Amino acid sequence: MPAVLEAKELWKIYETGTNRVEALRKVSVTLESGEMVAVMGPSGCGKTTLLNCLSGLDDITSGEVLIDGVGLSAMSDWELTQTRGERLGFIFQAFNLLPVLTAVENVELPLLMAGKSPRDARLMALDALESVGLGDRAGHLPAELSGGQQQRVTIARSFVHNPAVILADEATGNLDTKTSDEVLDLLLQLNKDRGMTMVLVTHDSEVAARCSRTLVMKDGRIVEDRRSGEEE
Amino acid sequence: MSLAGAWTWPRKLVTAISGISSLTIVAWLSFSAQIDENDWTLGRTLTSVGISAIAGLVVWTVVQWLLSSRHRILATMARNNLVRRKRNTALVIAGLLVGSAIVSSSLVIGDSLDATMEQHFLVPLGDTDYYIRGNDPITGLWTEWNSTRASELSDELVDMPDIIGARPGLALTISAIHEKSGLAEPNGQWMAFDANRSLLGSFDPIGGENGIHYADIESGNVVINEEMAERVSADVGDTLEVHWMIIDYTSGIEKKSLNMTVQAIISDISTGYLGSKYPLIFTSLSDAQTYTEKTDLVNHIGISVKGDGTTAIRDNLKDAINEKLLAEDAGLTIEADEANGMIAVARTTGFGLLDVGEVANLTAIVDETNADAQILEMLQVPLYNTAQGSVNLSGLASSTITEIAQTEGWDWYATASGLSLQDSFGEWWIWESDADEKAINDLLILSEKKGLVAHSEGLREVDVSPDSNDIDHLNGREIVALEQSESSIFALELDEGAVILHQSDLNLSGWLTFSILDDGSAMRLDMAIDDSQLHIRIERLLGSRSCSFSLENTTNTPLSQFCSDDLVERRNLFSHAGSAWVDNGQSLHLLDNGTLIPANTLGLPNGSILANSESVLWVESEGLWYWNTTNFASYSMPLPPAASTSEAAISMVGARLIVTTGNGVAISDDGELSGRIPNRIKVDALRVPLTAIALSGEGSMGFPDVDDQHVVISKWAGDTLDLDEGEFIRLRGYLPVARGMLTGELMYVDNSNLTFPSPPGQPSFDAISFAVVSLSDAENLASGNSGDRTFVIISGPALFNSTNYTVMESAIIAWSDEQADLQTTNLRVVPIKQRALEATEGAGESFSMLFLIFGSFVIFAGILLVINIFVMLADERKPEMGMARAIGMQRADLRALFVQEGAFLGLISSALGAVLGIGFGWVIMQFMGTALGEAGGRLNGAIFDWTFQSLLGGFVTGFLVTWVTLWLTSLWISRLNVVAAIRDIPVRFTGGLPWWSILISLFLALSSMLFFGLAFLAGSPEDGSRHAWWLLGGFIFLFSLLPPMFWILRVILPENIHFGRIRLHRPVILPRLILTILGTSMVLWGWIGDPISADWEQGAYSFILLGIFLVAAGVLLLSSLAPIVARAIARLLSARSKRAASVLPTSLSYPLATPFRTAMSMGMFSIVVFAVVVLSGYSALLNNYMDDLSEEVGGEYEIVAISGKFDYSLDKDLSNWNLSEASIEDFDSVSFMSTTPVNAERLDGSGDELIVYLRGFDRNFTDHGALSLAAWDEFFGETEAELWSAVFNDSYLAIVDYSLTPQPAGGIDTAPTLNLQIGDSVVVSDPLNKGINRTVYVAGILTPSSSFFMSGIHISADFAEERFDAEPKLALFSVSSDIDETRQQELADEIERGMAEDQVSTVVIGVFFAKLQSFVLSMFDLLQAFLALGLAVGIAGLAVITIRNVSERRHQIGILRALGFQRGMVVASFLIELTWVSFLGILNGAIVGVGFHYALYDRFLREEGAEFLMPWGEISLVVFGAYILTLISTIWPVLKAASISPAEALRDVQ
């Protein structure tokens, strides 16, 4: 399987005054196409930092991240944003929808940014919303939707442009169990149907259990890389 | 089909081209309009630049939207942001609206002031664009010229292109009395223009559309303007008494008056007078000419043109006038004497000289016309004096001498023009009486140095002892004769035919008065005295009457009983040798106890007595005789040959005889002959100096040729002075002496027997001509331009032929007419409309500048509010922007999104704000109108007006501020780390300097260098612009040092700095340290300044810069140091109160976490409070200054009366003032100030000199408290009163006004000073004659307030009048303390009415200053109201921000509540936070304001002795008022925050 996302000896160090925090310590990982990867570990172990660095949202102190074999550090901000917009999708714990845009407008935004015509973008966005079960809520503002519905809009936004990798940071963290299950089903469905690579940062071992691969982190290192079926 | 597509390079290019093209087109249009209007003011230029930029930006954004689908998406997002965030949108719009409104209202105030000025200047002027008029340089009156020629010229002018109308007219200064109301106006103007030509041209009726044409003013009627009507309370149909004066060269100043009926009262529209609110009257020109007897004269031509006039039109007008003017207009006179074949050309205007070019031209014309004609150039030089040895020969006040006396070392001459005294060193003193002919009637010598002069206005006691002053007695009474007995002095008065005798003791300490004759029949009086009796001869129409009474018997007895009609008419009565002598027309008789003893029986030969004196009688043909108490004896001494037998006077003491010659006096001193002549000769009404004459050309008129350094003396002078060939005489020219060159020219007398031939038109030539000298000597004596001539005479045998003569005369006339042009006629083409426009702009600008200065602080506060709002909104939207970036939005997209939002908001709110500004402007102008109206000044009321330009200015400023703020905010946000943005993590720079900070540092450093350079290249040290540039350069330079300082300190300082137990961590302390250093440096730069700029004037821009930067420095210091202080306080309080321990850090955490926003809010309050405090301080100082002025300016006097415009002095006798008795009784003191301009020079040889007023004060003035002194020499008096009295009594002492003392350097508009201090000596001299001088010692200095009305050097009036001919020009009236200002004004009106003929105007000091004060303070109140707007902006801004804070921090509040914070603690926490931001900001502004005000005071006012004043009450009110208002305005959101339930707040974020 080809590697869509690869991290080589990643270091991420935060310096605040006299404090020096090594959030990632020489992390190397390769994600292959179609994988559904759960990243687990205790709070502060560097899960979210890893996700941010893998997606190019955050700078790295040293090492390299490659998307489709291309190194992010060589890219300009413009190219990086372009790459993020086309190849990556994001799902955050706090949903992070734009409050002034309706559900469909939020979903079509990455398409429009990628240069799709407004008409096509609207159709594709409605399609995506339909597929997450929110076809009838397309015209609602985020504030008018429940937490689960908002997260489903975020999911629709994350895959509508057919990215190579979807990065989800505690995607179900703010949701009740039932909604959480529904969202997870949706993600598994996407992974299965569309072959999208998924990286899920989670605390929930049940979520991890449904993933094809689990990375366990501790103190900024990947201490365990377990594939589905392998012994813990 | 949509044009939009991918944002490709071609699309970008098209967008760029569209944007730039639009910018260029609009810039071109805007600047073209600016070029057309020639308006290059800063505001207009910035508007042009701004509107072009806006056009470019808007077109760029629209085209981008059209062509880029990506930007359409952004536009949709922007629209959604605006529509769906309604509260935010409203907030931003409100902020921007206020900002734009403030700018446009400032500009609209400017427009309105322009309109007000237009109403004041342009509307009254009406359609008159040019005036042809000029002033006579000698009299200062309007130049008058020929009416017919002016009419012809007017007709010619209207035929010229662009000229619509022209009308000749007369303008005169008048006073008017309205008998019915009892009111008078001393200063009015009479306007009279040609009625028919006024109708022909484009001239509107006087008073505008509904006014009246000159043609409709009926004869005998007058039209007046509302101002005149109001001042004299006149109505239509009332009769006005109009007074005016004319200066006649033969009779001097003549007062004229006329009663006219008011036909109409008109408004100040199209009056032709530049300015409103000046009292005017109007009649037709023909009526005015008739009434004023100026039938053939005009002094104005008013011209109306298309438009407001141009240089080309003015040039055309000049050409036309030059063409039209004739010789006589230029003052060239051509006198023809055909019988003698002579033509004389001379000039009557200016200095009366033909210049060298004119003489050359004339010579050429004469040569060309007739080669046989001769031209004689003549130069007449006024002489200051002539001297032989050290004796000044020409010092007599007149050639008509009535009495001569000699005392030890002094010769006394009573003359027709005054008393002349000469000492044995040859120096002259002259006292000239105000009255004219026969001024001195008698002279009585009291002692060696003291004499009593009887003159037509009283008695003058003249004392030639050093340090003594002359004293007047019996003022206003015509005293005709004086006698002295052993114990008394008698003065005989002739009062309109009545005879009154005054008797005093020898000290002249008081007078007894006796009526001798009261039937009004007396015509002439004589008085004589012998050892027992006083004799009076009364000459009547029919026969004489004589009185004789015993010297002991004068009291308690009607003296008329001792008088009886003479049986034989007595012709003369005089005293000689202790006896009284009567001449009955036949012979002289001794009057011996009522018996007449014929003198011929006592040894006197028969013959007329030609002259008599106490010691000698001159008997016709018999020489000199004297009475030795038993019989007459003859003197063997011969009379000087020049002695004249007619109207002779004589004096003999010992062997020294002085006798009149008709042209002066001849002196025979033991046989040695010499003489004295007058220094000026009376010709018609004028007294002119003696002249020396020089000629060129062959002497065809009998003038002798004279070599250089030789002189030929006129016969009259030669005879009197007994000059012979071979003697030397010194001549001094008038001008060289006036310039301090006293040497003169020593000349050899060739001959002293010249009878001057009189040139044509010069009848009095011989009388004033002293001598003939060579031309080069004359030019030296004239000290003038070589080649200038007084006149030119053309003569020669060829001109005896009538034809030749006519040809020559025509040629000369033609040439003379050619010479007449605007320059030679003193006429000018005055572009009056353009001047009005300039005045309008100037006045409007200075007012609107004041508003803009203070408005700029409000505008700045508005800008800070806008920045604050955007930064707050940007903060709020940071996470979503981060999200947008995460899902593919580029940085440029974020910027575009913000800019689109901003452009839209900016367009809407700036446009609305600009319109709202017109409303603000309207409100302010309503207040200003009231203020101006109440002040009662020349500008009555204000007119509201606005221009599109102002609207545009407000819009452009608002839009650009919005756009730039948004753009910078979006730039900042777009560069944020995406994760940090999404998670709202504060950013802290920990690494090295970012690259852009180095660029900014470089940019700032270069800018500061540029500003420093501009200070010298473009700035002026006078108008304050140099200082402003320099100041700005310094501040910018300090900012440029920030990044390098950051870098250097980061390297130098250790990571942790330890002070004992305190550990300071570098990354935490560094920014605070740097801000502290920057703040402190800014304070030092702004406050203390530097040696280079210390002497430069500071102007308005410096004030704005200092205000903004010092306030910023205060904010920086507060932001950097206050948190440390706050923490320390918190620690202290935490030990005492648990609540405080928790509330205080919580409340301060938010402002400390958002330093930028906090600083902006603080700055907003600071800047406005700063301006309010400075204004309050200034207003208080000014108010106090005006109070002081009002109290001190006139001392104890309340009313000042000032003499009219002409050289006219006030009558010191109040009974001649035509005031009612009741009014006179109201005055408890009246003082006259005798004034004349003098040259004052420091005695220390520094060469510093200045023309100042010499002010002579009288005894009443010192008795009534005089004026306040700032300092005095206590040697001369311990109190101010003693000092004034000492100065009054000692003419070597003086008091100087404050402006003559050393003034603080760098003061604003410092007048020239002599830097005088107590103890300095100053030489005061007549500016035209430095020989008349006095060195005075500065014994006192007036306070600045007292110097306001009475600037100059103060000495006693007697001395000022005696030595310097100072005349009473100012009268001060004091009323008792129970008379209020209303009555004072009534009294002042009464004075104006009584003295209207003399055009005396009055000022009631209290009323004058009250009006001024009311006006100035109203303006300050208005400015403060304007600033309150800024404070309102700050308060409203903080309220809005608090509302946002509360909704932003609901979650935080929930947590606090969950943690146990009571509601009260939440409220307290918010209130502490608000206090922190607002109160510290307000306090900062107040402290900087007070400091700034103190610095201004320290620099400019302290040395003037002003007291430092700060209206602490007002300032406390501003500080606490603003703070309390802030709390009130924010209390609602704070209470709302406290009422949030914890569960709701915590759930809110879910």
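Below, chain A is the first sequence line, B the second, and so on; all start at residue 1. Quick caveat: nothing in here was measured; it's all calculated off a predicted structure.
- More than 12 heavy atoms of other residues, nucleotides or ligands sit less than 6.0 Å from atom NZ of B:K12.
- Only the side chain of A:T48 has a heavy atom closer than 4.5 Å to any heavy atom of chain B.
- Considering CG of A:L101 and CG of B:N81, their distance stands at 7.5 Å, rounded to 0.5 Å.
- Atom CZ of A:R84 is separated from atom CD of B:Q890 by 8.5 Å, given to the nearest 0.5 angstrom.
- In this structure, chain A has a heavy atom under 4.5 Å from the side chain of B:I73, while its backbone stays farther away.
- Between the CG atom of A:L109 and the CG atom of B:D893 there is a distance of 9.5 Å, given to the nearest 0.5 Å.
- How far CE of B:M883 is from OG1 of A:T154: 7.5 Å, rounded to the nearest 0.5 Å.
- The distance from the CG atom of A:L57 to the CZ atom of B:R885 is 9.5 Å, given to the nearest 0.5 Å.
- Considering only heavy-atom pairs separated by less than 4.5 Å from chain A, the leading option among B:T76, B:N80, B:L74 is B:N80.
- With a threshold of 4.5 angstrom between heavy atoms, A:L141 approaches chain B through side-chain atoms but not through N, CA, C or O.
- The number of heavy-atom neighbours closer than 6.0 Å to CH2 of B:W967, taken from other residues, nucleotides and ligands shown, is 12 or below.
- Taking 4.0 Å as the cut-off between side-chain N and carboxylate O, B:R84 and A:E105 count as a salt-bridged pair.
- Of the listed residues A:P163, A:P99, A:G56, the one with more heavy-atom pairs under 4.5 angstrom with chain B than any other is A:P99.
- No more than 12 heavy atoms of other residues, nucleotides or ligands sit less than 6.0 Å from atom NZ of A:K116.
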